[in-house]
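So the structure is just underneath, and the comments pick up after that.
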Amino acid sequence: MATTDIRSRIEKLWPKAHDVPGTHDFAPGGGLYERGDLYLVDGEVRKWSGAMEKVYSPLCVEGRDGQIAPRLIGHAASLDAQTAGEAMGAAVRAYERGRGKWPQMKVAERIQCVEHFAELMSGTREEVVRLLMWEIGKSRKDCEKEFDRTVEYIHDTVDALKEVDRSGGRFQLHDGILAQIRRSPLGVTLCMGPYNYPLNETFTTLIPALIMGNTVVCKLPRFGVLCSAPLLRCFATAFPAGVVNIVNGDGPVVVGPAISNEHLAALAFIGSAKVANILKRQHPKPNRLRCILGLNAKNPGIVLPDADLDLTVEQVVMGALSFNGQRCTALKLIFVHKSIADAFVAKLAAAVDALPFGLPWDPGVKLTPLPEPGKAEYLQGLVDDAAQLGAKSANRFGGLSNRSFYFPSVLYPVNAKMRAYHEEQFGPVIPVVPYEDVKEVLDYVTAVPFGQQASVFGHHPAVVGPLVDVLVHEVCRVNLNAQCQRGPDVYPFTGRKDSAEGTLSVGDALRCFSIRSMVAAPSNGANKELLQGVLLQRTSNFINTDYIF
Ligand code: G3H
């Protein structure tokens, strides 16, 4: 298609307000979402009557007056410190130093609550999907995938816990000491998810934290706040009072009471290393705070001279541009051997220009508007900076934009003097760096402050093998002839340096949010009799040999 056609389609991107299909809207007649004033504290879904934040969509609409503007989709509660303190107080009371109903509950009973929640949650799918589309501009298909993956994650977590519990049910005997070793909760946990996966990434910490017996305060992300509203009632119904508390508002105000409370035992945060460090420093006893952090990344793609170009281009497009590049796992810098760089860039540029763009509900859409205000300008700043230093957009439509929409730019040839080489763009710009010697790539990987993943494209065992041996000490997952990604969710998801602390996966998360505790006794007649008595009379939830199917 000619550039002028694409330009005019981008100019006409925004629908008339009354043309938005009712099947993709969350309020009849294009009105406001009305449940943004709800929050959850101490088992009650409460209505907030204080300050409210306007929630604008990244999607613009044309009003009857012909004016185009981001659609106001609702208002979100901006809680004050006192109310956030009540949430923390409720979580502390519900945990009650481990004596609360929830941490004392049998694992099988906690599983029942979580399964009940998953069942209730499934009934909110369409409402949540519509809100997600409008709040973060994600395509309908990807919103549905995010929702379904989250429900699946909950079921997988239940299965993993059953396995953990079954192995903890066995008594062990070593050197005359009988022991039963189980995983116990840590205490009160603060969970903070990111805006790019407000549901999935929040739940991959929230659910394991809960199911292990911790109580939780959850602070909703910067964007993607309203999509949690339909779930508040589900939480309130499925869990005992105070076990889950969900708050929203200005970060320092609503997080302050939790992070500065010595009863906070765990922090699960997905965001920037800068904010993670600010949070950690606020805890009065940092040595008591377990941190599970998913932070920044700038995952490189390394294209070797013998790479299969078609496959590599397909994977780089997916890796760099799924959800417009707004994934921590996205490929954010592509190194290509000089001998094939021009051919690779030509194919990549053509593939990027062919991507369908539009609104989240357009069939087959791949590129959509960006939720962060000013993001298109930021990305253009990276492109302009590179242009001054000798690179340019290699694709015809690169950089065409309309308000929150930005057509991806394949920037080439990029070098270390350019901002795009160093900054985590978290958006649709693909910087391509030609290299002569793979040592140049390894120098980058060593110097960069991040260490999450890398992708290697090539087929020579003699080249790939030694490269992997270096990379595995710099990042935590090396993908061969494939994009970087988190899934399957049973695999460890972590990073080195400024990219992560702790490991998430279905199984690892259960370990992260718990600690092994044990009961041990010299294996003599009296102790055996005592343990038998506890088991037969069922006087302990910890000491038991129940088998959960
Ligand atoms: O933003 C980081 C996400 O965990 C990425 O997950 O690789 O499955 O898209 P994904």
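Just so you know, ligand 1 is whichever comes first in the structure, and atom 1 is the first atom listed for that ligand.
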Which residue and atom name correspond to the protein heavy atom nearest [atom], and how close is it?
| atom | answer |
| --- | --- |
| atom 6 (O) of ligand 1 | R486 CB, 3.4 Å |
| atom 1 (O) of ligand 1 | C328 N, 2.7 Å |
| atom 8 (O) of ligand 1 | R149 NH1, 2.8 Å |
| atom 5 (C) of ligand 1 | T329 OG1, 3.2 Å |
| atom 9 (O) of ligand 1 | Y197 OH, 2.4 Å |
| atom 4 (O) of ligand 1 | E201 OE2, 2.7 Å |

I'd like to know if [X] and [Y] make a salt bridge, using a cut-off of under 4.0 Å between side-chain N and carboxylate O.
| X | Y | value |
| --- | --- | --- |
| R125 | D148 | yes |
| R130 | D25 | no |
| D250 | K219 | no |
| E423 | K332 | no |

Indicate, as side chain, backbone, both or neither, the part of N196 found under 4.0 angstrom from ligand 1 when only non-hydrogen atoms are considered.
->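 For N196, the contact with ligand 1 is made by the side chain alone.
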Please determine, by modelled atom types, if E372 and Y195 share a side-chain donor-acceptor pair under 3.5 angstrom.
-> yes
Under 3.5 Å: N/O of [X] near N/O of ligand 1:
| X | answer |
| --- | --- |
| Q485 | no |
| Q326 | no |
| F493 | no |

Exceeds 12 heavy-atom contacts within 6.0 angstrom, atom NE2 of H460 = no
Numbered atoms and elements of ligand 1 in range of R327, under 4.0 angstrom, heavy atoms = 1 (O), 7 (O), 9 (O), 10 (P)
Parallel, tilted or perpendicular for F239 and F117, by the 30°/60° rule?
-> tilted
For Y421, all residues meeting ring pair (Phe, Tyr, Trp, His ring centres under 6.0 Å), sequence neighbours excluded | Y444
